[in-house]
Amino acid sequence: MSRDTLDRPEPAVGKRPGPAPRGRRRRRASGTGARHARAAAGFLLPFLALFALCFLAPIGYALHQSLFTTERTGPLGLGGHERDVFAGFANYAHALSDDRFLTGFGRVLLFGAVQIPLMIVLATALALLLESASARGVTFFRTAFFLPYGVPGVIASILWGFLYVPGISPLVKIAGTLGWDVDFLSRGTVLWSIANIVTWQFTGYNMLVLIAQLKAVPGELYEAARIDGAGAWQVARHIKLPLIRPALVLTCVFSIIGTLQLFAEPMVLRPLASAIDSGFTPNLHAYSEAFVGNNQHVAAAEAVLLALVACVLSFGFLRLVGGRGTERR
């Protein structure tokens with residue numbers, strides 16, 4: 001054995017290898033990040049494709065249609081072929097000058113100003129009652145209150161239509177025996193008859209949203225409040241209601257959007273009530289323009305205006321309640 005071999009130090013037994021060089025660690029981290037990015041893109045691409053196909057594409061097509069109008073070529077514009085020509089904002093001006101369209105907007109705003117607070121208050125009261133400590137049969141009542149939401153709007157309108165029509169309505173007969181002359185489909189009451197259908201159908205849905213928020217409240221808060229001597233009303237007012245504020249805001253925004261889209265109920269009740277015309281709501285007016293008046297370009301402009309009003313009211317409401325929340329804090 002040579003002298004150099006004897007003088008060489010022996011390697012330490014069980015000694016772990018040192019850390020990898022910094023460049024190798026960076027390459028490994030970048031490779032892991034790239035794999036994660038590809039995996040995230042793989043999960044997002046189906047959603048983005050459906051979102052673009054079912055949401056962005058219809059909006060873009062409606063915007064395109066709203067900026068054009070149809071012209072007929074031929075003598076005096078009575079024959080020949082049809083072609084689309086650029087019209088700018090002429091369709092929007094036509095829609096905003098239509099009294100029936102503007103009256104429909106005012107009607108649904110009045111509808112929402114009355115129906116939305118009533119429905120949200122009723123849903124909140126039901127949610128608080130079902131989540132109270134003394135509530136019994138919670139599962140049964142929760143299912144019973146939610147059941148109307150499972151009924152499609154068209155079917156619900158048909159069901160309530162039989163309860164509104166004089167001659168076959170048991171409600172009208174009962175009111176008649178009590179000496180009340182009730183007409184649920186008259187010009188002055190048909191809007192509130194529709195509000196009754198919407199309230200009956202969507203109160204249970206909003207109630208479940210609020211109950212889900214109440215489930216997220218820690219039980220320790222309730223126990224601490226009871227130890228401090230707070231009653232059921234004080235717990236509901238000072239603990240439950242402030243903590244379910246995000247859910248209340250969410251349900252209000254959904255209700256605002258749904259009110260502006262009011263269509264199925266007046267459409268179904270229209271053959272039964274002469275007070276419901278083609279401009280009863282903005283959505284119904286746009287439908288009539290497109291499929292009765294064969295004027296798809298004006299209908300597209302009305303749909304865009306309806307979407308803009310929904311965005312303004314929704315974001316305005318969020319700004320309003322957000323500003324109030326900031327002031328309270």
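Nothing here was measured: the structure is a model prediction, and the numbers come from that model. Residue numbers start at 1 and run along the sequence shown. Side chains are part of it too, since the values below use all heavy atoms of this structure and drop only hydrogens, waters and symmetry mates.
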In terms of hydrophobic clustering (I, L, V, M, F, W, Y; side-chain heavy atoms under 4.5 Å; direct or indirect links), are [X] and [Y] co-clustered?
X      : Y      : answer
Ile256 : Val121 : no
Phe89  : Val312 : no
Ile120 : Leu313 : yes
Phe202 : Trp192 : yes
Leu308 : Phe105 : yes

So which heavy atom on [X] is nearest to which on [Y], and how close?
X      : Y      : result
Arg142 : Ile211 : NE-CD1, 4.0 Å
Pro242 : Arg237 : CD-O, 3.3 Å
Ala290 : Ala299 : CB-CB, 3.6 Å
Ala123 : Met207 : CB-N, 3.8 Å
Leu96  : Leu102 : O-CD1, 3.1 Å
Gly167 : Lys173 : O-CE, 3.6 Å

Any non-hydrogen side-chain atom of [X] less than 4.5 Å from a side-chain atom of [Y]?
X      : Y      : value
Val209 : Leu248 : no
Pro166 : Asp183 : yes
Phe280 : Val190 : yes
Pro282 : Phe101 : yes
Leu159 : Leu163 : no
Thr69  : Phe86  : no
Glu265 : Gln201 : yes
Phe145 : Leu208 : no

Should Lys240 and Glu131 count as an ion pair when the cut-off is N to O under 4.0 Å?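 Result for this pair is no, no salt bridge flagged.
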Apply salt bridge (Lys or Arg N to Asp or Glu O under 4.0 Å) to Arg270 and list each qualifying residue two or more places apart in sequence or on a separate chain.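 Arg270 satisfies salt bridge (Lys or Arg N to Asp or Glu O under 4.0 Å) with no residue once adjacent residues are dropped.
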Gap separating the [atom1] atom of [X] from the [atom2] atom of [Y], nearest 0.5 angstrom:
X      : Y      : atom1 : atom2 : result
Ser186 : Asp181 : OG    : CG    : 9.5 Å
Leu185 : Ser169 : CG    : OG    : 9.0 Å
Leu241 : Leu128 : CG    : CG    : 5.5 Å
Ile194 : Thr199 : CD1   : OG1   : 11.5 Å
Leu284 : Gln261 : CG    : CD    : 14.0 Å
Ile239 : Ile244 : CD1   : CD1   : 12.5 Å

Could you check, using the six-membered ring where one of them is a Trp, whether Phe146 and Tyr149 have ring centers closer than 6.0 angstrom?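 Yes, they do, as the ring centres are separated by less than 6.0 Å.
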For the residue pair His297 and Phe68, is the inter-centroid distance of their aromatic rings smaller than 6.0 Å?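 Centroid distance His297-Phe68: not below 6.0 Å, so no.
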Assess the residue pair Leu221 and Leu243 against the criterion (side-chain contact (heavy atoms from CB on, under 4.5 Å)); give the C-alpha distance rounded to whole Å, side-chain angles, the decisive distance to 0.1 Å, and a yes or no. CA-CA 11 Å; Leu221 293 178; Leu243 291 178; 3.7 Å; yes
Go through Ile158 and Val154 one step at a time and tell me if the side-chain contact (heavy atoms from CB on, under 4.5 Å) criterion holds. CA-CA 6 Å; Ile158 293 174; Val154 174; 4.1 Å; yes
[X]-[Y] side chain donor-acceptor pair, cut-off 3.5 Å:
X      : Y      : answer
Tyr164 : Asn196 : yes
Asn91  : Ser66  : no
His94  : Asn295 : no

Is there a donor-acceptor pair closer than 3.5 Å between any side-chain N or O of [X] and the backbone N or O of [Y]?
X      : Y      : result
Ser193 : Phe184 : yes
Thr177 : Ile174 : yes
Arg100 : Thr281 : no

What residues, two or more places apart in sequence or in another chain, satisfy ring-ring contact (aromatic ring centres under 6.0 Å, His included) together with Phe140?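 With neighbours one apart ignored, the set is empty.
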Show me the pairs that pass salt bridge (charged side-chain N to carboxylate O under 4.0 Å, His left out) and involve residues 101-127, at least two apart or across chains.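 Residue pairs with at least one partner in residues 101-127: there are none.
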Test side chain to side chain contact (heavy atoms under 4.5 Å, CB included) applied to Pro266 and Asn283, Ile276, Ile197, the passing residue: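 Among the candidates, only Ile276 passes.
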Which class fits the ring pair His64 and Tyr61: parallel under 30°, tilted 30 to 60°, perpendicular over 60°?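 Rings of His64 and Tyr61: parallel, under 30°.
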How about CZ on Phe162, more than 12 heavy atoms from neighbouring residues, nucleotides or ligands closer than 6.0 Å, or not?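 Counting other residues, nucleotides and ligands, CZ of Phe162 stays at 12 neighbours or fewer.
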Other residues, nucleotides and ligands only: do more than 12 of their heavy atoms fall within 6.0 Å of OH on Tyr92?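 Buried by this count: over 12 neighbours within 6.0 Å.
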Report the C-alpha distance between Tyr205 and Phe254 in whole Å, list the side-chain angles of each, state the deciding distance to 0.1 Å, and finish with yes or no for side-chain contact (heavy atoms from CB on, under 4.5 Å). CA-CA 11 Å; Tyr205 169 79; Phe254 285 169; 4.1 Å; yes
Go through the steps to decide whether Val182 and Leu171 satisfy the test side-chain contact (heavy atoms from CB on, under 4.5 Å), and finish with yes or no. CA-CA 9 Å; Val182 179; Leu171 299 180; over 6 Å; no
